[in-house]
Visitor: 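Handing you this structure, nothing more for now.
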Amino acid sequence: MTTFLTLAVLVLVAIAIWQLTKIFELSQLKTAKYQIATDSDNKNNGYMLFAFLVFIYGITIFSFWKYGKFLLPEAGSAHGEEYDYLMLVSFIIIFIVQTITQALLHYFGYKYRGKEGQKALFYADNDRLEFIWTIIPVIVLAGLILWGLYTWTNIMDVNDEDDPLIVELYAQQFNWTARYGGADNVLGGANVRMIDIDKANVLGLDESDSYAADDVIVKELHLPVGRKVNFKMRSQDVLHSAYMPHFRAQMNCVPGMITQFSFTPIHTTEEMRSNPDIMEKVKRTNKIRAEKSENSGEVLDPWQFDYILLCNKICGKSHYNMQMKIVVETEEEYNEWMKGQSTFAETVMKDDSNPTASVGE
C-alpha cells in the first residue's frame, strides 16, 4: 500500500509539472496556433473528468473497506453514544452532499465543454435558484449547529449531582499523575509553588489543608463502572490535553488554571475486551507483533486492550510517551483497590525526615 501511494504521488507530481509547463507555454505571446484547444481536446478533457470522478468514488469506497476497521469501537461512556450518533449523521450528510455535488460538477464540465462555433449563454441570475441553494445549506447547518450545541451543553454539564467521584489529572512533561479525593471525596488545595521534591510532594499539595491528608496519588487510573466521575485537570508546565478516546473525552490542561470534564464509564475493561471489534483488533495487532518478533528476533509480548489516557497536544520531544493506563472495574473491585493505596498523610506528611517517601502505585 505504501508503494502504491508513493507511485501515485510521483505520478501526480509529474502531471503537475507538465501542466505548469503547458501554462507557461500558453502564457507566451507567440503561442503556436496548434496549442489552442480543439473540440477533440475538450471532449477528451470531458472524458478525463468522468474518469477522475470514478477515481475519487473508487478511492472513497476502497478507504471505507480497507480502513474502516481502524475506527474506534463503541464508546465506553454514557455520553459516547449520543456523541457518536451526532458524528455519524454529520458524516452521512457530508458524504451525500459531496457525492451529489462532485457528480454534478464533473457532469456539467463535460456537457458544457467548449465547442467550435458555440457561444456560452449569458445567464445573469435566478432568484429562485439562488434562494434554494442558499436556504438548504442554512437549514442543514443551523440544525447541526443547534444539535451540536445541545449535545455539547449536556456533555460539558459538570455538576455534583449523583454523588460523582472526584479525580484530579495532573499533567507535566512527560507523564500523568492522578489524585483521588480520598474518603471524604474532596481534593485538598494544591499549587505548583508548593511543589517540594525533597519531600516527594510532586503535585504541590497544601500540607496545611486538612482535606489533602486523605488524598490518594497514583500512576494508574482506576474508575468504578456506572459511577459518574468529575475530573479536575491541572498542568505544571505547558499546555497538555487529556484525551481518553474510548470515552469520547478530551479537555485541555492549562497552566495556571483548573479545567473540568465529566463522564460515566458504562463498560468495564473486561467487558470491552470481549467486544468483537476489540477482539479483532487484538488479533490483528498480535499477528503483526508475532511477525515482527519472527523477523527481528526481538520478542514482543502479546498485546491486550486497555483504556488509555493520552496527551493530545504536541507538548515536547517525549510527547508520544505521555500516557496512562485506565482500569474500569466493578465498585467492589475499585473499593478493594483503593484500600491498598497510601494516602498523602501516610506518605509525604507521615515523616518529614524521610524525603524518599513515594506515592501509591
Side-chain angles (χ1 to χ4, degrees), residues 75-83 86 148-171 176-192 194 203-236 240-269 307 309 324 326-339 341-345 359-360:
S77 62
H79 74 266
E81 182 177 358
E82 184 178 8
Y83 174 96
L86 174 59
L149 287 175
Y150 174 77
T151 303
W152 171 261
T153 301
N154 287 340
I155 292 175
M156 296 305 299
D157 182 20
V158 181
N159 56 63
D160 293 331
E161 297 176 4
D162 303 323
D163 187 29
L165 179 67
I166 307 299
V167 179
E168 178 185 78
L169 295 179
Y170 187 80
W176 294 97
T177 304
R179 176 164 66 110
Y180 295 82
D184 57 13
N185 199 29
V186 178
L187 294 171
N191 192 297
V192 292
M194 297 180 182
L203 302 190
L205 270 64
D206 185 356
E207 298 182 33
S208 64
D209 187 347
S210 60
Y211 287 116
D214 65 345
D215 287 0
V216 174
I217 303 172
V218 296
K219 285 294 186 179
E220 183 175 281
L221 184 60
H222 285 240
L223 302 175
V225 68
R227 184 176 180 184
K228 181 179 177 182
V229 184
N230 284 356
F231 290 98
K232 313 290 183 178
M233 305 177 190
R234 289 194 297 145
S235 173
Q236 177 175 306
H240 298 277
S241 189
Y243 177 46
M244 294 169 272
H246 298 99
F247 300 110
R248 312 300 191 262
Q250 178 171 315
M251 178 55 65
N252 285 347
C253 305
V254 185
M257 66 181 296
I258 297 175
T259 54
Q260 302 182 84
F261 199 91
S262 175
F263 67 79
T264 302
I266 58 174
H267 299 302
T268 66
T269 299
Y307 290 116
L309 165 64
M324 174 190 278
I326 303 175
V327 178
V328 179
E329 53 200 359
T330 64
E331 186 82 28
E332 294 76 16
E333 292 171 329
Y334 168 77
N335 291 334
E336 188 65 27
W337 172 81
M338 184 59 73
K339 289 179 181 178
Q341 307 307 309
S342 300
T343 65
F344 183 67
V359 299

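Since we're looking at a predicted model, the values are computed, not measured. Numbers here are sequence positions counted from 1.
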Visitor: In chain order, what residues pass the ring pair (Phe, Tyr, Trp, His ring centres under 6.0 Å) check against Phe231, with sequence neighbours excluded?
Guide: Phe263
Visitor: Short question: side chain of His79, backbone of Phe247 - any donor-acceptor pair under 3.5 Å?
Guide: yes
Visitor: Listing request: all salt bridge (charged side-chain N to carboxylate O under 4.0 Å, His left out) pairs with a residue in residues 249-260, at least two apart in sequence or in separate chains.
Guide: none
Visitor: Strictly by salt bridge (charged side-chain N to carboxylate O under 4.0 Å, His left out), give each pair with a member in residues 247-257 just once, sequence neighbours left out.
Guide: Asp84-Arg248
Visitor: What residues form a side chain to side chain donor-acceptor pair (under 3.5 Å) with Arg179, not counting sequence neighbours?
Guide: Glu168, Asp215
Visitor: Identify, with sequence neighbours excluded, every residue that meets ring pair (Phe, Tyr, Trp, His ring centres under 6.0 Å) alongside Tyr180.
Guide: Trp337
Visitor: The criterion is side chain to side chain contact (heavy atoms under 4.5 Å, CB included); which residues satisfy it with Thr330, sequence neighbours excluded?
Guide: Glu332, Glu333
Visitor: Identify, with sequence neighbours excluded, every residue that meets side chain to side chain contact (heavy atoms under 4.5 Å, CB included) alongside Ala78.
Guide: Thr264, Ile266
Visitor: Check side chain to side chain donor-acceptor pair (under 3.5 Å) between Asn252 and all other residues, then give those that pass, not counting sequence neighbours.
Guide: Ser241, Lys313
Visitor: Check Val229 against Pro265 and note the closest heavy-atom contact, atom names and distance.
Guide: CG2-CD, 4.2 Å
Visitor: Taking only residues two or more places apart in sequence or in another chain, which ones pass side chain to side chain contact (heavy atoms under 4.5 Å, CB included) with Ser262?
Guide: Val158, Lys228, Asn230
Visitor: By side chain to side chain donor-acceptor pair (under 3.5 Å), which residues pair with Gln260, not counting sequence neighbours?
Guide: Lys232
Visitor: For Val192 and Gln236, which heavy atoms make the closest approach, and how far apart are they?
Guide: CG1-CA, 4.2 Å
Visitor: Residues in salt bridge (Lys or Arg N to Asp or Glu O under 4.0 Å) with Asp157, at least two apart?
Guide: none
Visitor: Can you list the residues that meet the side chain to side chain contact (heavy atoms under 4.5 Å, CB included) rule with Tyr243, with sequence neighbours excluded?
Guide: Pro245, Gln250, Leu310, Asn312
